[in-house]
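One structure below.
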Amino acid sequence: MVQIPPETMESLRSALREQTDFHIPCGKNDGGEVRENVTVRWVDRTSPVNSGKTSGVDGRPLDGVPSVRMQQDAEFESDSLSIRCTEVFYQLKSPDCSLASVLSSCSMFQKEIAFATCSTLAPHLSVLTSAGINSLWLRISTQADMVEYQAGSGGMLLPQRYMNEMDGALIPVIHGGSASVPQAAMDMELVFYITHAFQ
């Protein structure tokens, strides 16, 4: 514990407001020798975004890849279980494209994709959870002339039977939904969780 006089406290407050370094000499109350210093130092380090996160599709590292939390409008339940999309990761492939422009242009697209995925997988929730699948990831890759997707969990692709059903739901959204496919070259990864539904 460091006890400081009122004038030093006011100087410290000022340094904190201005975000400047500040040194507090420490010693005995009688004004004797200074034994230690406490230094408040500002650094220019920002913590990395999503450090240590990996894609559920194939285990690809997502360090530094920005993500946005997603609020779904509809609930999808089956056998006392529910599925919902909670987060979307955006890995932009072009340096001249900003995350802000991507977010504004593809919010409706990602909602339609999440809706189609949840409605397709809802009848299979109990089978998926019994196989140990509680979270699913859907990666949609867009380029100028193509769109492709992969779905997986725990770094492994989903079994083909689920992918076939997802084709029936996702292809119409990609090729003819009310929202257009984002034109920016990127990988968009949607994260879905299967949980027990509240009664």
Does the side chain of [X] reach to within under 4.5 Å of the side chain of [Y], using non-hydrogen atoms?
X      : Y      : answer
Thr117 : Tyr149 : no
Leu158 : Ile133 : yes
Met186 : Gln91  : no
Met166 : Leu138 : yes
Leu103 : Tyr90  : yes
Thr54  : Arg60  : no
Leu136 : Ile83  : yes
Arg139 : Asp58  : yes

Ile171 reachable from Phe109 in the ILVMFWY side-chain graph, under 4.5 Å edges
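In one cluster: no.
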
Check for me, please, whether Met163 and Met156 land in the same ILVMFWY cluster - side-chain distances under 4.5 Å, paths through other members count.
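Unlinked, Met163 and Met156 end up in two clusters.
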
Value rounded to 0.5 Å, distance of [atom1] in [X] from [atom2] in [Y]:
X      : Y      : atom1 : atom2 : result
Lys111 : Leu190 : NZ    : CG    : 12.5 Å
Glu112 : Leu170 : CD    : CG    : 11.0 Å
Met9   : Ile4   : CE    : CD1   : 4.0 Å

For Phe115, does the CZ atom sit with more than 12 other heavy atoms under 6.0 Å from it, leaving out its own atoms?
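Open.
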
Any chance CD of Gln71 has more than 12 other-residue heavy atoms, nucleotides or ligands included, within less than 6.0 Å?
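No, because the 6.0 Å sphere around CD of Gln71 holds 12 heavy atoms or fewer from other groups.
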
Search all heavy atoms of [X] against all heavy atoms of [Y] and return the closest pair with its distance.
X      : Y      : answer
Lys53  : Asp63  : N-OD1, 3.9 Å
Cys118 : Arg84  : SG-CA, 4.0 Å
Ala184 : Val102 : CB-CG2, 4.1 Å
Pro172 : Asp167 : CD-O, 3.8 Å
Gln110 : Met70  : O-CE, 3.8 Å
Asn50  : Pro66  : ND2-C, 4.0 Å

When you measure from the side chain of [X] to the backbone N and O of [Y], does any donor-acceptor pair fall under 3.5 Å?
X      : Y      : answer
Trp42  : Thr20  : yes
Ser153 : Ser135 : yes
Ser130 : Ser126 : yes

Could you list the donor-acceptor pairs under 3.5 angstrom formed by side chains in residues 94-101, with sequence neighbours left out?
from: Ser94; atom 1: OG; to: Asp96; atom 2: OD1; distance (Å): 2.0
from: Ser98; atom 1: OG; to: Ser101; atom 2: N; distance (Å): 3.2
from: Ser98; atom 1: OG; to: Ser101; atom 2: OG; distance (Å): 3.2
from: Ser101; atom 1: OG; to: Ser98; atom 2: O; distance (Å): 2.8

Side-chain heavy atoms under 4.5 Å apart, restricted to Ile/Leu/Val/Met/Phe/Trp/Tyr: what other residues fall into the cluster of Trp137, or is it alone?
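ILVMFWY cluster around Trp137 also holds Val57, Leu62, Val65, Phe89, Leu157, Val191, Tyr193.
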
